[in-house]
Amino acid sequence: DYGLTKKQQQAATALSLIKDSIEKTFLKDHLGISDHMSAKLVKAGVLVEEKVQVYRESAESSFTFAVEESAPVVHSLSQSQREAVDFVLAHEAEGKPYPLFGITGSGKTHVYIELAKTIRSRGRGVLILVPEISLTPQTVGRFTAALDEEIAVIHSRMSDGERRDSIEDIISGKRRVVIGVRSAVLVPMYDVGLIIVDEEHDQSYKQSDPEPRYNARDTAVMRGRFQDCPVVLGSATPSFESYCNSQSGKYHLVKLSERFGAAALPAIRVADMNEEFRKGNQTIVSRLLDERIRAALAAKMQIVLLLNRRGFSVSLVCSECGQVCECVSCSVKLTFHKTDGRLHCHQCGYEEKTPARCSKCGGEQIKYNGTGIQKAEEFLAEQYPEARIMRMDQDSTRRKGAHVNLIEAFAAGEADILLGTQMVAKGLDFPRVRLVGVLQADTGLHMPDFRAAEKTFQLISQVSGRAGRADSLGEVIVQTHNPEESAIRFAMTHDYEGFYDAESSTRRDLSYPPFGRLARIISTASATEPALAALENAASLISKQEGMNILGPAAAVIEKIGGLYRFSLVVRGASAQKLVATLAEVRKAHAASKSKARLVVDVDPVSML
């Protein structure tokens, strides 16, 4: 009995019935064998202990529904898809990036896969970037099935162990295809033969804070040049920079002008919310959208609704004195979240209890202003009690793997309505979605940002593309208070070129990107004086340089974040080299000064807030 106690002998007898290897945790959790007892059993020869390396897979690795339903592994490329693939492969030696301008549902992913197959057949690696973590599950599922090989995944919701194992397999060459968000562009993969940047227009590719401040799209273009490989920049709404580079001949433009298979672009109709208000409808759903939602539910089809605003209410206001609840550290209104009954700051993360009385006048008439996505979810549940509603935003996907579970559940038909922020607008493919509704198309339209119209056009066009991807019956309802705005008018007819021509004339006159280079300098300090003084010194230095144009300094749109005051200065320059050299002098001069302000220099900013 090897000197075993009676209890240890009983454990040995039980273990003799197990033929396969088992993990050590199984002994403790399921057989009640402690670590001390297992060590004794190992010493007696009853157990053999062996250390085995286990690869920690990300949640996306088991995601397969998209392949089965909407992206078959074996398919014939359309003529335009085949021409796109052949064009890229035929011009590899020229070293130019390839903007793939394909309307939503045109099958850009099929082109990506065919190119990836060719590059992998040569033994070279493939790097695929997506702008949002929510897009990784479908992308991984499709490429895994099509290429029949293990894929490395890189994104911020992975555990440290999962990320470490992914990086280790990339370095060792075990995994030669990488799919990830912007940081994946920096993975240490040797001999990269193809880089794909999907939804290349998306501002999520820009890391604005902390340093290094880089745009993963532009970094991918440079990496392609260094590693002598083609870079494909895919989008239904290309960034103005990429499209302008195509027009000038710097890039090779490749177009897909038709939807893949039997699908056609969805019809887009506008609901004027001013008219709704005049006719007594003060809800967030127009009569037109309400009618179409009920029709889609009756037909057992799925619906995607976009509201790009987190929380329950935009703000809390005292009805007696007008006091608005604001963050103690930022110059922004606090947003009420009903899920935890607290007020949140979406800038610095500060939160507090919802007050029962006004802090200024002591009044008890606290009013909830505006509609956030949580309030919209509550309204929809009351309006359509028979519908199963799923919400997808930053709050509902905070837990590890939550984004995978949500997407998988909706694709499996476990919900009728998917209500989401901009997460639902990008690249997701749900064949049973017949109707898309944009609840508030004007959310970002009047932001103090020269790209406001471009971002609005892109968002409407992208979310519209979620409808009718499997047939020609898709429909989109865009609710707006500004139906005559160019971004909305051109989005209605899916006219990217028309929008680009109209918008670019103004940009050209003002020397704004893509017709000039821009940098934004932000100064922050615990008091306004040092913050402003630092920018005034920078402006004085820049003004001495020929060809530089200065806007500011002035208080930033969000004047205070995290207790620090913010001032902003915008620099325009026709020459990128001259602009970079001038900014280097600004950094050097500020470092030599005794200023208490922190200076942030952001070249090619995507946000002006």
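Positions are given from 1 along the sequence. No hydrogens, no waters, no symmetry mates; every other heavy atom, side chains included, goes into these values.
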Participant: What residues form a side chain to side chain donor-acceptor pair (under 3.5 Å) with Ser464, not counting sequence neighbours?
Facilitator: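 Once residues adjacent in sequence are excluded, Ser464 has no partner under the side chain to side chain donor-acceptor pair (under 3.5 Å) criterion.
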Participant: Verify whether the ring centers belonging to Tyr98 and Tyr251 lie closer than 6.0 Å.
Facilitator: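 No, too far apart.
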Participant: Please check if the side chain of Asn308 supplies one atom and the backbone of Gln422 the other of a donor-acceptor pair under 3.5 Å.
Facilitator: yes
Participant: My understanding is that only residues two or more places apart in sequence, or in another chain, count here; which of them pass salt bridge (charged side-chain N to carboxylate O under 4.0 Å, His left out) with Glu291?
Facilitator: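 Checked Glu291 against salt bridge (charged side-chain N to carboxylate O under 4.0 Å, His left out); zero matches.
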Participant: Partners of Arg489 by side chain to side chain donor-acceptor pair (under 3.5 Å), sequence neighbours excluded?
Facilitator: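 Arg489 satisfies side chain to side chain donor-acceptor pair (under 3.5 Å) with no other residue.
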Participant: Do you know the tightest heavy-atom contact between Arg434 and Met301?
Facilitator: NH2-CE, 3.1 Å
Participant: Using modelled atom types and a 3.5 Å cut-off, is there a donor and acceptor pairing between side-chain atoms of Asp495 and backbone atoms of Gly498?
Facilitator: yes
Participant: Name all residues meeting the salt bridge (charged side-chain N to carboxylate O under 4.0 Å, His left out) criterion together with Arg520; count only those two or more places apart in sequence or in a different chain, and write none if there are none.
Facilitator: none
Participant: Who pairs with Ser607 by side chain to side chain contact (heavy atoms under 4.5 Å, CB included), at least two apart in sequence or on another chain?
Facilitator: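 Listed in chain order: Leu609.
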Participant: Any sub-3.5 Å donor-acceptor pair from Asp416's side-chain atoms to Ala387's backbone N or O?
Facilitator: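 No, Asp416 side chain to Ala387 backbone: no donor-acceptor pair under 3.5 Å.
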Participant: With the threshold set at 4.0 Å, does a side-chain nitrogen-carboxylate oxygen contact exist between Glu378 and Lys375?
Facilitator: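 Salt bridge between Glu378 and Lys375, a charged N being under 4.0 Å from a carboxylate O: no.
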Participant: Using the side chain to side chain donor-acceptor pair (under 3.5 Å) criterion, which residues pair with Arg294? Sequence neighbours excluded.
Facilitator: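 Side chain to side chain donor-acceptor pair (under 3.5 Å) list for Arg294, sorted by chain: Asp290.
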Participant: Are the side chain of Gln347 and the backbone of Cys330 linked by a donor-acceptor contact shorter than 3.5 Å?
Facilitator: no
Participant: Would you mind checking if Lys333 and Glu326 are paired as a salt bridge, meaning a charged N to carboxylate O distance below 4.0 Å?
Facilitator: no
Participant: Looking at Glu475 and Arg292, does any basic side-chain N land under 4.0 Å from a carboxylate oxygen?
Facilitator: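 Salt bridge flag = yes for Arg292 with Glu475.
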Participant: Between Asp442 and Thr480, is there a donor-acceptor pair closer than 3.5 Å when you use the side chain of the first and the backbone of the second?
Facilitator: no
Participant: Apply side chain to side chain donor-acceptor pair (under 3.5 Å) to Tyr350 and Glu352, showing your working.
Facilitator: CA-CA 7 Å; Tyr350 169 81; Glu352 65 179 43; 2.5 Å; yes
Participant: For the residue pair Ala487 and Leu445, what are the closest heavy atoms and their distance?
Facilitator: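 Scanning both residues completely, I find the closest heavy atoms to be CB-CD1, 4.3 Å.
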Participant: Verify, without hydrogens or angle tests, whether Arg182 (side chain) and Ser204 (backbone) share a donor-acceptor contact under 3.5 angstrom.
Facilitator: yes
Participant: Going by heavy atoms in the side chains, are Arg269 and Val478 under 4.5 Å from each other?
Facilitator: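 The answer is no; the side chains never approach within 4.5 Å.
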Participant: Return yes if some donor-acceptor pair links the side-chain N/O of Ser246 with the main-chain N/O of Ser242 below 3.5 Å, else return no.
Facilitator: yes
Participant: Which atom names give the shortest non-hydrogen contact between Leu289 and Gly437, and what distance separates them?
Facilitator: CD1-CA, 4.2 Å
Participant: Quick check on side-chain contact (heavy atoms from CB on, under 4.5 Å): which of Val177, Val178, Ile113 does Ile128 satisfy it with?
Facilitator: Val177
Participant: Should Lys255 and Glu497 count as an ion pair when the cut-off is N to O under 4.0 Å?
Facilitator: yes
Participant: Checking Tyr496 side chain against Pro238 main chain: does a donor-acceptor pair fall under 3.5 Å?
Facilitator: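 Side chain of Tyr496 to backbone of Pro238, a donor-acceptor pair under 3.5 Å: yes, one is there.
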Participant: Under a 4.0 Å N-O cut-off, is there an ion pair linking Asp449 with Lys455?
Facilitator: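 A salt bridge links Asp449 with Lys455.
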Participant: Using 4.0 Å as the upper bound for N to carboxylate O, is an ion pair formed by Glu454 and Arg507?
Facilitator: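 Result for this pair is yes, salt bridge flagged.
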Participant: Restricting to salt bridge (charged side-chain N to carboxylate O under 4.0 Å, His left out), what partner residues turn up for Glu485, sequence neighbours left out?
Facilitator: none
Participant: Determine whether Val232 and Ile195 make a side-chain contact, defined as any pair of heavy atoms from C-beta on separated by less than 4.5 Å.
Facilitator: no
Participant: Which residues satisfy the side chain to side chain donor-acceptor pair (under 3.5 Å) test with Ser80, sequence neighbours excluded?
Facilitator: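 Testing Ser80 for side chain to side chain donor-acceptor pair (under 3.5 Å), a comparison that skips the adjacent residues, returns Ser78.
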Participant: Under 3.5 Å, is there a donor-acceptor pair linking the side chains of Asp393 and Ser396?
Facilitator: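 Checked: Asp393/Ser396 side chains pair up, N/O donor to acceptor below 3.5 Å.
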Participant: Can you list the residues that meet the ring pair (Phe, Tyr, Trp, His ring centres under 6.0 Å) rule with Tyr205, with sequence neighbours excluded?
Facilitator: none
Participant: Would you indicate whether the side-chain heavy atoms of Leu115 and Val88 approach each other to under 4.5 Å?
Facilitator: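 They are in contact (side-chain heavy atoms under 4.5 Å apart), so the answer is yes.
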Participant: Using the rule given for side chain to side chain contact (heavy atoms under 4.5 Å, CB included), can you reason through Tyr512 versus Thr506, listing the C-alpha separation, both sets of side-chain angles and the distance that settles it, and then say yes or no?
Facilitator: CA-CA 8 Å; Tyr512 278 166; Thr506 303; over 6 Å; no
Participant: Which residues satisfy the salt bridge (charged side-chain N to carboxylate O under 4.0 Å, His left out) test with Lys300, sequence neighbours excluded?
Facilitator: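 Lys300 satisfies salt bridge (charged side-chain N to carboxylate O under 4.0 Å, His left out) with no other residue.
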Participant: For Pro131 and Glu199, which heavy atoms make the closest approach, and how far apart are they?
Facilitator: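 Taking every non-hydrogen atom into account, CG-CB, 3.7 Å.
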Participant: Does the Arg163 side chain pair with the main chain of His155, one donor and one acceptor, at a distance under 3.5 Å?
Facilitator: yes
Participant: Tyr500: which residues meet the ring pair (Phe, Tyr, Trp, His ring centres under 6.0 Å) condition with it, sequence neighbours left out?
Facilitator: Phe240, Tyr243
Participant: Taking only residues two or more places apart in sequence, or in another chain, which ones meet Arg342 in a side chain to side chain contact (heavy atoms under 4.5 Å, CB included)?
Facilitator: Asp340, His344, Glu351, Lys353
Participant: Quick one, Asp395 and Gln374 - any side-chain contact, counting heavy atoms below 4.5 Å?
Facilitator: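 Yes, side chains in contact.
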Participant: Check whether Thr104 reaches the backbone of Gln462 with its side chain - one donor and one acceptor, N or O, closer than 3.5 Å.
Facilitator: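 Flag not set: sc Thr104 to bb Gln462 has no pair under 3.5 Å.
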Participant: Give the minimum heavy-atom separation between Ser461 and Thr237, together with the two atoms involved.
Facilitator: CB-CG2, 3.5 Å
Participant: Where is the tightest heavy-atom contact between Thr283 and Asn281, given as atom of each residue plus distance?
Facilitator: OG1-OD1, 2.8 Å
Participant: Going by distance alone, is a donor N or O of one side chain under 3.5 Å from an acceptor N or O of the other, for Glu200 and Ser235?
Facilitator: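 There is no such pair (donor and acceptor under 3.5 Å, judged by atom type) between the side chains of Glu200 and Ser235.
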